[in-house]
Trainee: 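I am attaching a structure below and will ask some questions about it afterwards.
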Amino acid sequence: MKIIKAILFYIWQFTFALAQNLIGLVMLAIYKSKGAKSEWYHNALITYIDKKNFGGVSLGIFIFINAKREGDHLHDTKIHEYGHTVQSLILGPLWLFIIAIPSMIWCNVPYFVKKRKYDNVSYYWLYCEGWANTCGLWATKERFKTPELLNRGRYGKPINPNRSARKDIKGRKRNK
């Protein structure tokens with residue numbers, strides 16, 4: 001069953017989400033020619049690139065992550081970027097317009113960079129970034145480890161709020 005799911009995953013990615021996968025394949029060829037290392041992660045190919053001021057980017061099944069990321073930050077970046085891979089499956093050709101372009105603007109335009117810094121706005125506040133976290137957590141069945149993603153990874157709100165403080169519909173404390 002696992003093999004059938006993987007085959008369907010690749011067929012869907014290379015038909016419905018062809019555009020971003022072709023761009024990712026070209027980027028993979030460029031970085032591999034420069035000696036970049038890669039590994040498989042939940043049917044996606046992560047390639048580690050040495051680029052200053054870069055966190056990561058996902059283009060279909062091709063994920064590119066800063067080679068200097070380590071430990072918990074690397075773990076969380078993999079989950080987040082894989083979330084963009086899931087978004088690619090869902091949106092197909094619309095992914096470029098609904099996810100990629102807004103994400104690039106949010107990440108790189110100086111106005112938004114300053115806004116996040118000076119107004120203490122989470123990077124994950126933007127719909128496409130928070131949704132990527134949700135998709136990545138769902139698809140990988142893993143958990144975030146860094147305080148930034150635990151505390152502000154769900155559209156700027158905690159991913160795992162204190163569940164014991166939550167109440168049911170009638171105002172009673174819920175059991176875990």
Side-chain angles (χ1 to χ4, degrees), residues 9 13 17 20 24 27 38-92 94-168 173-176:
F9 174 84
Q13 282 283 10
Q20 52 268 35
M27 281 183 62
S38 297
E39 70 175 345
W40 289 99
Y41 178 77
H42 297 278
N43 294 327
L45 185 64
I46 295 179
T47 303
Y48 298 96
I49 61 175
D50 191 15
K51 192 172 177 185
K52 193 175 180 178
N53 296 327
F54 176 75
V57 68
S58 173
L59 293 160
I61 68 162
F62 302 100
I63 298 172
F64 301 90
I65 295 177
N66 189 329
K68 291 183 172 55
R69 295 242 166 177
E70 297 178 334
D72 292 346
H73 289 287
L74 175 61
H75 170 81
D76 288 359
T77 301
K78 287 179 182 181
I79 295 170
H80 173 79
E81 292 303 332
Y82 192 77
H84 287 305
T85 297
V86 173
Q87 290 171 328
S88 176
L89 283 171
I90 296 167
L91 297 169
L94 298 176
W95 179 87
L96 292 167
F97 304 102
I98 295 172
I99 304 298
I101 293 171
S103 181
M104 285 176 24
I105 291 169
W106 179 248
C107 182
N108 297 308
V109 171
Y111 171 81
F112 295 117
V113 173
K114 288 178 188 173
K115 180 168 184 56
R116 288 195 313 271
K117 182 178 179 179
Y118 296 117
D119 294 347
N120 195 26
V121 175
S122 171
Y123 177 76
Y124 306 104
W125 174 84
L126 188 67
Y127 72 94
C128 55
E129 302 304 337
W131 184 27
N133 288 342
T134 303
C135 289
L137 290 169
W138 171 82
T140 64
K141 307 294 188 256
E142 296 177 26
R143 292 182 173 262
F144 288 130
K145 295 180 179 179
T146 59
E148 167 66 10
L149 279 158
L150 288 172
N151 296 328
R152 296 169 46 144
R154 188 171 172 267
Y155 308 102
K157 296 182 174 67
I159 291 275
N160 298 315
N162 183 356
R163 296 188 72 70
S164 63
R166 295 176 70 187
K167 299 185 189 254
D168 70 8
K173 275 195 171 185
R174 289 186 348 177
N175 293 331
K176 287 185 180 180

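All values derive from a computational prediction rather than experimental measurement.
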Trainee: So, do V86 and H42 sit near enough that their side-chain heavy atoms are less than 4.5 Å apart?
Mentor: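 Heavy-atom side-chain distance check fails, nothing below 4.5 Å.
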Trainee: Working to the nearest 0.5 Å, report the span between CG of L149 and OG1 of T77.
Mentor: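 Spacing of CG (L149) from OG1 (T77) equals 7.5 Å.
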Trainee: In Å, rounded to the nearest 0.5 Å, how long is the span from CE of M104 to CG of L96?
Mentor: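 It is 9.5 Å, given to the nearest 0.5 Å.
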Trainee: For Y127 and P102, which heavy atoms make the closest approach, and how far apart are they?
Mentor: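 Smallest heavy-atom distance, with atoms named: OH-CG, 3.3 Å.
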Trainee: Go through the steps to decide whether S122 and E148 satisfy the test side-chain contact (heavy atoms from CB on, under 4.5 Å), and finish with yes or no.
Mentor: CA-CA 9 Å; S122 171; E148 167 66 10; 3.7 Å; yes
Trainee: Show the numbers, then the answer: is there a side-chain contact (heavy atoms from CB on, under 4.5 Å) between Y111 and I105?
Mentor: CA-CA 10 Å; Y111 171 81; I105 291 169; over 6 Å; no
Trainee: Is R154 close to N133 at the side-chain level, that is, under 4.5 Å between some pair of heavy atoms?
Mentor: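 No. Closest side-chain heavy atoms not under 4.5 Å.
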Trainee: With respect to Y123, which candidate in H80, E129, R116 satisfies the side chain to side chain donor-acceptor pair (under 3.5 Å) definition?
Mentor: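 By the side chain to side chain donor-acceptor pair (under 3.5 Å) criterion, Y123 pairs with just one of H80, E129, R116: E129.
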Trainee: Using the side-chain contact (heavy atoms from CB on, under 4.5 Å) rule, take L89 and F9 through it: C-alpha gap first, then chi angles, then the decisive distance, then the call.
Mentor: CA-CA 8 Å; L89 283 171; F9 174 84; 3.5 Å; yes
Trainee: Quick check: does any side chain N or O of S88 sit under 3.5 Å from a backbone N or O of H84, one acting as donor and the other as acceptor?
Mentor: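 No, because the side chain of S88 does not come within donor-acceptor range (under 3.5 Å) of the backbone of H84.
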Trainee: As an exercise, state the distance from NZ of K78 to CD1 of I63, rounded to the nearest 0.5 Å.
Mentor: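 Between K78 NZ and I63 CD1, I get 9.5 Å after rounding to 0.5 Å.
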Trainee: I need the L74 CG to I79 CD1 distance, nearest 0.5 Å.
Mentor: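 Answer for the CG-CD1 pair, L74 versus I79, is 10.0 Å.
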Trainee: Any idea which heavy atoms bring G24 and L59 closest together, and the distance?
Mentor: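 Nearest heavy atoms, G24 then L59: CA-CB, 3.8 Å.
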Trainee: Between W131 and I99, is a side-chain contact (heavy atoms from CB on, under 4.5 Å) present by the stated rule, with each step listed?
Mentor: CA-CA 10 Å; W131 184 27; I99 304 298; 3.8 Å; yes
Trainee: If we only count heavy atoms from C-beta on, is the Y48 to E39 side-chain gap below 4.5 Å?
Mentor: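 With C-beta onward as the side chain, the pair touches.
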Trainee: List the atom of W40, the atom of N43, and the distance in Å for their closest heavy-atom pair.
Mentor: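 For W40 versus N43, the nearest heavy atoms are CZ3-O, 3.8 Å.
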Trainee: CZ of F54 to SG of C107: how many Å apart, nearest 0.5 Å?
Mentor: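 Rounded to the nearest 0.5 Å, the CZ-SG separation comes to 9.0 Å.
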Trainee: Taking the side chain from D76 and the backbone from K145, do they hold a donor-acceptor pair closer than 3.5 Å?
Mentor: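 Flag set: sc D76 to bb K145 pair under 3.5 Å.
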Trainee: How close do F64 and M27 get, counting heavy atoms only, and between which atoms?
Mentor: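 Nearest heavy atoms, F64 then M27: CZ-CB, 3.5 Å.
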Trainee: Work out which heavy atom in Y82 is nearest to a heavy atom in A139; give both atom names and the distance.
Mentor: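 Taking every non-hydrogen atom into account, CE2-CB, 3.7 Å.
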Trainee: Between the side chain of E81 and the main-chain N/O of S58, is any donor-acceptor distance below 3.5 Å?
Mentor: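 Yes: the side chain of E81 pairs with the backbone of S58.
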Trainee: Any donor-acceptor pair under 3.5 Å linking the side chain of H75 with the backbone of T146?
Mentor: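 The answer is no, because no donor-acceptor pair under 3.5 Å joins these two groups.
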Trainee: What is the distance from atom CZ of R143 to atom CG of L137, rounded to the nearest 0.5 Å?
Mentor: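 Separation between the atoms: 8.5 Å.
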Trainee: Is it the case that over 12 heavy atoms from other parts of the model lie below 6.0 angstrom from the NZ atom of K141?
Mentor: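 Yes, the 6.0 Å shell around NZ holds more than 12 heavy atoms from other groups.
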Trainee: Quick check: does any side chain N or O of N66 sit under 3.5 Å from a backbone N or O of K51, one acting as donor and the other as acceptor?
Mentor: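 Here the side-chain-to-backbone pair exists.
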Trainee: For a quick test of reading the model, state the closest non-hydrogen atom pair linking G55 to R69 and the distance between them.
Mentor: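 Nearest heavy atoms, G55 then R69: CA-NH2, 3.4 Å.
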Trainee: Indicate yes or no for a side-chain donor-acceptor contact from Q87 to the backbone of C128 under 3.5 Å, with no hydrogens or angles considered.
Mentor: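 A pair under 3.5 Å: yes.
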Trainee: According to the interplanar angle, ranging from 0 to 90°, do the rings of W106 and F112 count as parallel (below 30°), tilted (30 to 60°) or perpendicular (above 60°)?
Mentor: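 Aromatic pair W106/F112 classed tilted.
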